[in-house]
Amino acid sequence: MGNRLFVVIPCYNEEEVLPETSRRISEKMRALISAGKIAENSRVVLVNDGSKDRTWEIICGLHKKDSLFSGVNLSRNRGHQNALLAGLLTVKDLADMTISMDADLQDDINAIDEMVDKYLSGCDVVYGVRSSREKDTFFKRFTAESFYRLIRNLGGEVVFNHADYRLLSRRALDALSQYGETNLFLRGIIPMLGFKSDIVTYERGERFAGESKYPLKKMLAFAVEGITSLSAKPMRLILGLGAIMLLFGLISLIISIAGGSSAAFNFMTFSIWAVGGLILISLGVVGEYVGKIYLETKKRPRFIVESFLHED
Ligand code: UDP
Ligand code: MG
């Protein structure tokens with residue numbers, strides 16, 4: 001079992017954090033190399049996800065100065081999940097293990113040691129799990145935790161409070177590369193791979209510079225993506241909803257026969273709006289899946305690599 005490590009970091013408009021991030025990560029890598037835990041030719045792969053700022057120039061500069069840094073330049077912005085996948089798949093045949101993490105170092109890089117230890121003791125997948133969400137706002141904490149719960153109730157398999165900070169062995173990454181879906185939700189797919197896995201807990205810090213690249217709108221889109229790519233249950237729930245509404249219709253019939261006309265009238269006007277709304281929502285949910293089928297049948301590439309800077 002080799003121990004060449006590739007740390008894969010997607011970067012979108014990260015010129016503010018890259019100098020500091022690269023400094024800290026190279027310190028960590030050198031320490032691991034001198035401790036003999038990872039191979040000397042281990043690398044840090046910075047994936048430029050179509051940034052509009054100087055991110056790619058910075059990555060090129062880092063690579064030129066230090067062969068520890070490799071760079072993958074995507075042809076355009078494809079979003080965090082695809083950028084991460086691009087990095088992972090590009091180095092698939094070079095790495096014995098990969099660790100994915102964010103550019104802003106919100107994931108504590110000291111957890112890398114423990115991840116590597118677990119890999120060396122035979123784990124193929126090591127999940128980084130946040131020990132607490134104290135630093136998050138109440139809103140973020142509440143929505144995130146409800147999201148994990150919802151996914152579980154819908155039959156998806158996710159690791160609670162785990163985002164995309166994880167170690168994958170070469171075998172696990174090989175398995176992942178066989179999942180060709182366009183609608184990719186890594187967090188839900190990795191647990192499906194199987195293999196021996198373990199978790200490492202860490203304290204998640206705050207972004208030390210720059211702004212979050214995940215505004216609420218992107219977060220909601222990501223949640224919908226996650227749910228619909230893992231489970232078809234929402235469509236079945238609609239069936240249940242239809243049955244309940246049929247019952248409502250019967251009740252309104254009874255009311256209008258038995259009661260005075262005004263109660264029935266109120267109920268009628270309410271029903272018209274409610275039924276209309278529910279039909280539209282149902283159509284929307286079905287449409288979401290139909291849209292997914294449409295995209296999957298096209299089999300478009302999930303990312304296009306424009307260039308790969310790497311010294312073996
Ligand atoms: N990111 C990316 N492409 C995007 C948006 C984000 O590669 O379209 C990267 C970003 O550079 C960072 C990681 O995804 O390394 C997580 O983003 P961020 O820290 O902004 O998200 P948050 O921590 O606020 O959820
Ligand atoms: Mg962040």
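Start at 1 and go down the list; that is how both ligands and their atoms are numbered.
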With a 4.0 Å cut-off on N to O distance, would you call [X] and [Y] a salt bridge?
X: D174; Y: K92; result: yes
X: E145; Y: R141; result: no
X: R76; Y: E306; result: no
X: R23; Y: E20; result: yes

- Query: Does L150 belong to the same Ile/Leu/Val/Met/Phe/Trp/Tyr cluster as F160, with side-chain heavy atoms less than 4.5 Å apart forming each link?
  - Reply: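 Same hydrophobic cluster.
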- In one Ile/Leu/Val/Met/Phe/Trp/Tyr side-chain cluster, 4.5 Å: I227, I238: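 No, separate clusters.
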Using a 4.0 Å heavy-atom cut-off, say whether [X] meets ligand 1 through its side chain, its backbone, both or neither.
X: N77; answer: side chain
X: M219; answer: neither
X: D102; answer: both

- Give a yes or no answer on whether the side chain of S131 reaches the backbone of T201 with a donor-acceptor pair at less than 3.5 Å.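 No: the side chain of S131 does not pair with the backbone of T201.
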- Message: Can a donor-acceptor pair be found, under 3.5 Å and without considering hydrogens, that links the side chain of T228 to the backbone of Y289?
- Response: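 Pair absent, no side-chain N/O of T228 close to backbone of Y289.
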- Task: Output, by chain and residue number, all protein N/O/S atoms separated from the Mg ion (ligand 2) by less than 2.8 Å.
- Result: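 Listed by chain and number, the atoms are D104 OD2, Q106 OE1.
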Heavy atom of the protein closest to [atom] (residue, atom name, distance):
atom: atom 17 (O) of ligand 1; value: Y214 CD1, 3.9 Å
atom: atom 22 (P) of ligand 1; value: S212 OG, 3.8 Å
atom: atom 14 (O) of ligand 1; value: H80 CD2, 2.9 Å
atom: atom 4 (C) of ligand 1; value: D49 OD2, 3.4 Å
atom: atom 23 (O) of ligand 1; value: Q106 OE1, 2.6 Å
atom: atom 18 (P) of ligand 1; value: R207 NH2, 3.4 Å
atom: atom 20 (O) of ligand 1; value: K213 N, 2.4 Å
atom: atom 1 (N) of ligand 1; value: Y12 CB, 3.7 Å

- If we only count N/O pairs under 3.5 Å, is P10 in contact with ligand 1?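 There is such a contact, yes.
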- A103 to ligand 1: N or O pair under 3.5 Å? yes
Heavy-atom side-chain contact between [X] and [Y] under 4.5 Å:
X: I112; Y: Y165; answer: yes
X: T90; Y: V45; answer: no
X: V17; Y: L105; answer: no

- Distance filter under 4.0 Å to D104 heavy atoms, resulting ligand 1 atoms: 19 (O), 23 (O)
- Item | Interfacing atoms of ligand 1 (cut-off 4.0 Å, heavy-atom, C11) | 7 (O), 11 (O)
- Taking everything shown except F142 itself, do over 12 heavy atoms lie less than 6.0 Å from its CZ?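 No, the 6.0 Å shell around CZ holds no more than 12 heavy atoms from other groups.
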- Query: Can you tell which of V44, L68, L309 makes a side chain to side chain contact (heavy atoms under 4.5 Å, CB included) with H63?
  - Reply: L309
- Message: So, 4.0 Å and heavy atoms of M101: is ligand 1 close enough to count as a contact?
- Response: no
- What is the distance from atom CZ of R204 to atom CG of D107, rounded to the nearest 0.5 Å?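 Rounded to the nearest 0.5 Å, the CZ-CG separation comes to 5.0 Å.
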- For atom 12 (C) of ligand 1, which of R204, R78, E14 has the closest heavy atom? E14
